[in-house]
Amino acid sequence: MKKIFLLLLIFFSAICAIAQSVGINNTTPHSSAILDVRSNTKGTLLPRTSTISRLAILNPAKGLILYDSTVSSFYFYNGTAWGQISASGTGWNLTGNSATNPTTNFIGTTDNQPLRFRVNNINAGFIDSALSNTGIGFRALDSITTGFSNTALGYKALTGNAAGSYNTAIGASALRRNTIGNSNAAFGTGALQNNTTGNFNAAVGHISLSANTTGSS
């Protein structure tokens, strides 16, 4: 009988302990914390794993945090993908930054991958050093696949171009429907906007040569 009473006492004590805050080196844990750890000389060591092991975790819980020893950084799982917790001072503030050094501080990539910009999660510009393509503007060069050495500046400039190369489009909808045409130059809103396969055309001015579709030179 005494053993049963003792087991029941331990059981109910465990339930009460779970419902309350737990303190380590702390007799008065804060009521808002399930675990309140205090120390002046030691820290808390989270699980450490390699990148391979981290990515191999099955069904990670949302909010899971660990230290990736391969890249020496903390990561958390947001319910969809792993996100890196950047060290203080390595991120850009949305309200501006100060004390920057243009030699070491920049927005861009450190490998040979395109730099992309988006508006409403839609392409709004990119710089691609591999294919020498540059597009600045909402959906500029939006369809590019194998074309190279193209420059587009403006709303939907060269937006339909996929394989055309050596094209320059400056202005909203300039060379908008070009697909495989090469070596065309359009300067002005809607210039050469209906050109699809024409080559070696030059148009300067608002909607200049806008009716041309396949004509060349």
Side-chain angles (χ1 to χ4, degrees), residues 50-52 54-56 68 70-98 100-203:
S50 66
T51 299
I52 294 176
R54 171 173 60 82
L55 296 177
D68 190 318
T70 302
V71 295
S72 301
S73 183
F74 286 99
Y75 275 80
F76 72 98
Y77 193 74
N78 63 12
T80 304
W82 288 99
Q84 185 176 14
I85 302 176
S86 300
S88 177
T90 61
W92 283 87
N93 294 321
L94 295 178
T95 55
N97 300 272
S98 61
T100 59
N101 182 343
T103 303
T104 56
N105 302 132
F106 61 91
I107 296 176
T109 62
T110 56
D111 54 12
N112 195 24
Q113 295 296 322
L115 173 63
R116 292 190 173 273
F117 306 92
R118 294 187 180 186
V119 173
N120 197 26
N121 205 28
I122 299 173
N123 171 46
F126 69 94
I127 301 172
D128 183 359
S129 62
L131 292 176
S132 303
N133 290 311
T134 300
I136 303 297
F138 188 75
R139 296 195 62 183
L141 274 173
D142 198 35
S143 304
I144 195 69
T145 53
T146 58
F148 54 89
S149 298
N150 294 288
T151 300
L153 176 60
Y155 172 83
K156 292 189 176 181
L158 274 169
T159 188
N161 189 72
S165 300
Y166 304 112
N167 295 293
T168 300
I170 308 296
S173 294
L175 277 165
R176 177 174 178 171
R177 294 179 175 83
N178 190 79
T179 54
I180 60 173
N182 300 308
S183 302
N184 295 292
F187 300 89
T189 301
L192 275 167
Q193 63 179 325
N194 291 307
N195 187 82
T196 55
T197 60
N199 305 308
F200 305 106
N201 294 296

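Note that the structure is predicted; figures quoted are calculated from it, not measured.
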Which residues pass the side-chain hydrogen bond (donor to acceptor under 3.5 Å, both in side chains) test with [X], sequence neighbours left out?
{"X": "Arg116", "result": "none"}
{"X": "Asn120", "result": "none"}
{"X": "Asn182", "result": "none"}
{"X": "Asn133", "result": "Asn150"}

Once you round to the nearest 0.5 Å, how far does [atom1] of [X] lie from [atom2] of [Y]?
{"X": "Asp68", "Y": "Leu55", "atom1": "CG", "atom2": "CG", "answer": "7.5 Å"}
{"X": "Leu115", "Y": "Ile127", "atom1": "CG", "atom2": "CD1", "answer": "5.5 Å"}
{"X": "Ile144", "Y": "Ser165", "atom1": "CD1", "atom2": "OG", "answer": "7.0 Å"}
{"X": "Arg176", "Y": "Leu192", "atom1": "CZ", "atom2": "CG", "answer": "14.5 Å"}
{"X": "Gln193", "Y": "Leu175", "atom1": "CD", "atom2": "CG", "answer": "10.0 Å"}

Counterpart residues, salt bridge (charged side-chain N to carboxylate O under 4.0 Å, His left out), relative to Arg177 (two or more places apart): none
Pairing residues for Asp142 by the salt bridge (charged side-chain N to carboxylate O under 4.0 Å, His left out) criterion, not counting sequence neighbours: Arg139
Thr197: side chain to side chain contact (heavy atoms under 4.5 Å, CB included) partners, not counting sequence neighbours: Thr179, Ile180, Thr214
Residues forming a side chain to side chain contact (heavy atoms under 4.5 Å, CB included) with Ala140, sequence neighbours excluded: Ala152
Listed once per pair and sorted, the side chain to side chain donor-acceptor pair (under 3.5 Å) pairs that draw on residues 151-162, sequence neighbours left out: Asn161-Asn178
Ring pair (Phe, Tyr, Trp, His ring centres under 6.0 Å) against Phe76, all qualifying residues, sequence neighbours excluded: none
Residue list, ring pair (Phe, Tyr, Trp, His ring centres under 6.0 Å) with Tyr77, at least two apart or on another chain: Trp82
If you take all heavy atoms of [X] and [Y], which pair is closest and at what distance?
{"X": "Pro102", "Y": "Thr100", "answer": "CD-O, 3.9 Å"}
{"X": "Ala186", "Y": "Ala191", "answer": "CB-O, 3.5 Å"}
{"X": "Asp128", "Y": "Leu131", "answer": "OD1-N, 3.5 Å"}
{"X": "Asn167", "Y": "Gly181", "answer": "ND2-O, 2.8 Å"}
{"X": "Phe106", "Y": "Thr110", "answer": "CZ-CG2, 3.9 Å"}

Ile52, CD1 atom: more than 12 neighbouring heavy atoms under 6.0 Å: no
Pairs flagged by ring pair (Phe, Tyr, Trp, His ring centres under 6.0 Å) wherever residues 161-203 is involved - sequence neighbours left out: Phe148-Tyr166
N/O donor-acceptor pair under 3.5 Å between Asn201 side chain and Asn184 backbone: no
Flag, side chain of Thr146 to backbone of Ala163, donor-acceptor distance under 3.5 Å: no
Test side chain to side chain donor-acceptor pair (under 3.5 Å) applied to Asn199 and Ser183, step by step: CA-CA 6 Å; Asn199 305 308; Ser183 302; over 6 Å; no
